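Take a look at the structure set out below.
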Amino acid sequence: MSVPLMQQMATAGRRVLVRVDFNVPLTPEGAISDDSRIRASLPTISYLLAQGASVTLMSHLGRPEGKEDLRYSLKPCAERLSTLLGQPVFFGSHKNIRPGEVLLLENLRFYPEEEAGDKTFAKQLSHLGDVYINDAFGTAHRAHASTATIAQFFPHKKAAGLLLQKEIKFLGEALINPERPFYAIIGGSKVSSKLGILKALVKKADALFIGGAMAYTFLKAQGVAVGASLVEEALEQEALALMSSGKIFLPIDHITIEGDEVMGPFPDGSKGADIGPRTIWEWTKRLKEAKTIFWNGPLGIFEDPRFEIGTHKIALAITNGNAVTIVGGGDSVSAIEHQGLGSKITHLSTGGGAALEFLEKGTLPGIDALK
Ligand code: ADP
Ligand code: MG
């Protein structure tokens, strides 16, 4: 791995400043609805504490737009972290802590300088630690003060945390040297939001299975009548260019929003909501050949139980085989977790946008800053 590793840094007795990603989803009442991101940071925090470091954590939460807005306070995260670690977690502004103690700073995005990547702000933050660790994979695609700018103030004293290392290992290996056949499954709502990753994968993967709403842009581009299904007409040419690779598989049947099965042209006004049973059968058979599978984007409107079958069945298919399986994307990961299949996936990426950008570009600003 081309980044410095946390395990190679001397951290005993040192003040270690760690950028974590505690950007957790909240309920309308402000409670944490899913603490996966806090849990994902535990290996790094526990490791540093066991080394005898004092650990100052920093993160953002939501979009407070550069103003102090207590709806986005990280206080609930400090409390949850304290429960998970089984020790007190100090919270708020800077204070002196001793080896073995943990402090979580308040939401960095209360300051506009954070998202601006401000150098003075980053320098002030840098005074809070002797060593800088970045473990915030989910924010590593942003060049912000605490994720990128700050690293320049820690020459030879900066490194990747354990979570960041794990993400680089799985997503990096999938891209650089996958065991083949390497198949990718791409779904979700829009071609436009995934064009970069589609172009990267069409080069790297041996086959691409395209479902979800974005399949209809590809089908329409080929002249198939898709009724009222979501289509991005401006991207039909891009879709045809991708198709010319000969690697793309599209659904051969569909479930419409009315619950009907459709093969071939859609009736007028009818909208595709999930892949159909023949597609599931066909893709399941082909996916068995794969040695590596990357998946991003649900294959139907999975939030509605009537249209989660395609996503559900394909998730079962990939977890039954022996392939290395990597799933990235907020909705994709939540669909898999909802099915209770999370533990059967080789690597569930904690970063949605970051995972896609990393696969596309092979690096991220937060990773580059550590080099
Ligand atoms: P991820 O968060 O995993 O990257 P996306 O955000 O790209 O995934 O896509 C998820 C969304 O795509 C879901 O809200 C889902 O309802 C939607 N979607 C999937 N298939 C369809 C479809 N056929 N029609 C409309 N929306 C769809
Ligand atoms: Mg999403």
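Since we're looking at a predicted model, the values are computed, not measured. All ligand and atom numbering here is 1-based and tracks the order in the structure.
Between Tyr216 and ligand 1, a contact under 3.5 Å exists for no N or O pair. Residue contacts with ligand 1: Ser193 is placed with no nitrogen or oxygen under 3.5 Å of a nitrogen or oxygen of the ligand (distance criterion only).
Of all the heavy atoms of Leu356, none lies under 4.0 Å from any atom of ligand 1, so neither backbone nor side chain is involved. Under 4.0 angstrom from ligand 1, there are no non-hydrogen atoms of Val333. Residue contacts with ligand 1 for Ala215 are absent, since no atom lies close enough (heavy atoms, distance under 4.0 Å). Neither the backbone nor the side chain of Lys190 has any atom closer than 4.0 Å to an atom of ligand 1 (non-hydrogen atoms only).
The environment of NZ in Lys95 is crowded: more than 12 heavy-atom neighbours from other residues, nucleotides or ligands sit within 6.0 Å.
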| Can you list the steps and then say if Glu65 with Arg109 is a side chain to side chain contact (heavy atoms under 4.5 Å, CB included)? | CA-CA 7 Å; Glu65 316 258 333; Arg109 287 198 189 166; over 6 Å; no
| request: Apply side chain to side chain contact (heavy atoms under 4.5 Å, CB included) to Met6 and Leu162, showing your working. | output: CA-CA 7 Å; Met6 179 180 94; Leu162 298 173; 3.6 Å; yes
| said: Run the side-chain hydrogen bond (donor to acceptor under 3.5 Å, both in side chains) test on Gln7 and Gln165 for me, step by step, so that the C-alpha distance in whole Å, both residues' side-chain angles and the decisive distance to 0.1 Å come before the verdict. | reply: CA-CA 11 Å; Gln7 308 87 300; Gln165 291 175 30; 2.8 Å; yes
| request: Evaluate the side chain to side chain contact (heavy atoms under 4.5 Å, CB included) criterion for residues Ile345 and Ile318: first the C-alpha distance (whole Å), next the side-chain angles of each, then the deciding distance (0.1 Å), finally the verdict. | output: CA-CA 8 Å; Ile345 300 289; Ile318 70 165; 4.0 Å; yes
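Between Glu167 and Phe358 the shortest heavy-atom distance is O-CE2, 4.3 Å.
Side chain to side chain, Ser93 and Glu106 fail the donor-acceptor criterion of an N or O pair below 3.5 Å. Looking at His60 and Tyr72, their side chains never bring a donor and an acceptor atom within 3.5 Å of each other.
Close approach of ligand 1 to Gly272 is summarised as follows: ligand atoms under 4.0 Å from at least one heavy atom of the residue are 22 (C), 23 (N), 24 (N). Set against the non-hydrogen atoms of Leu230, the atoms of ligand 1 under 4.0 Å away are 25 (C). Interface atoms of ligand 1 facing Ser189, defined by a heavy-atom separation under 4.0 Å, are 7 (O), 9 (O), 12 (O). Heavy-atom proximity to Glu303, at under 4.0 Å, picks out these atoms of ligand 1: 13 (C), 14 (O), 15 (C), 16 (O).
For a distance threshold of 2.8 Å, the protein N, O or S atoms nearer than that to the Mg ion (ligand 2), listed by chain and number, are Asp331 OD2.
For atom 6 (O) of ligand 1, the nearest protein heavy atom (residue, atom name, distance) is Asp331 OD2, 3.0 Å. Looking at atom 21 (C) of ligand 1, its nearest protein heavy atom turns out to be Ala213 N, 3.3 Å. The protein non-hydrogen atom at the shortest distance from atom 3 (O) of ligand 1 is Ser332 OG, 2.4 Å. Scanning the protein heavy atoms around atom 8 (O) of ligand 1, the nearest turns out to be Pro298 CD, 3.5 Å. Gly188 CA, 3.2 Å is the protein heavy atom nearest to atom 9 (O) of ligand 1. For atom 27 (C) of ligand 1, the closest non-hydrogen atom of the protein is Ile301 CG1, 3.7 Å. At the top of the distance list for atom 4 (O) of ligand 1, counting protein heavy atoms only, stands Asn296 ND2, 3.1 Å.
Using a 30° and 60° split on the angle between ring planes, Phe170 and His347 fall in the parallel class, below 30°. Between Phe209 and Trp283, the two ring planes are perpendicular [angle over 60°; tilted spans 30° to 60°].
Rounded to the nearest 0.5 Å, atoms CG (Leu164) and CG (Leu5) are 10.0 Å apart. Atom OG1 of Thr56 sits about 4.5 Å away from atom CG of Leu103, to the nearest 0.5 Å.
Under a 4.0 angstrom heavy-atom cut-off, Lys194 registers as being in contact with ligand 1. The closest approach between Ala273 and ligand 1 falls below 4.0 Å for a heavy atom of the residue.
When Ala335, Gly300, Ala355 are checked for heavy-atom proximity to atom 19 (C) of ligand 1, Gly300 turns out nearest.
Legend: residues meeting salt bridge (charged side-chain N to carboxylate O under 4.0 Å, His left out) with Asp118, ordered by chain and number and at least two apart, are absent.
Salt bridge present: Glu236 and Lys220 bring a charged side-chain N and a carboxylate O closer than 4.0 Å. A salt bridge does not link Lys194 to Glu238: none of the charged side-chain nitrogens sits closer than 4.0 Å to a carboxylate oxygen.
Formation of a donor-acceptor pair under 3.5 Å by the Asn107 side chain with backbone atoms of Leu61 is found in this model.
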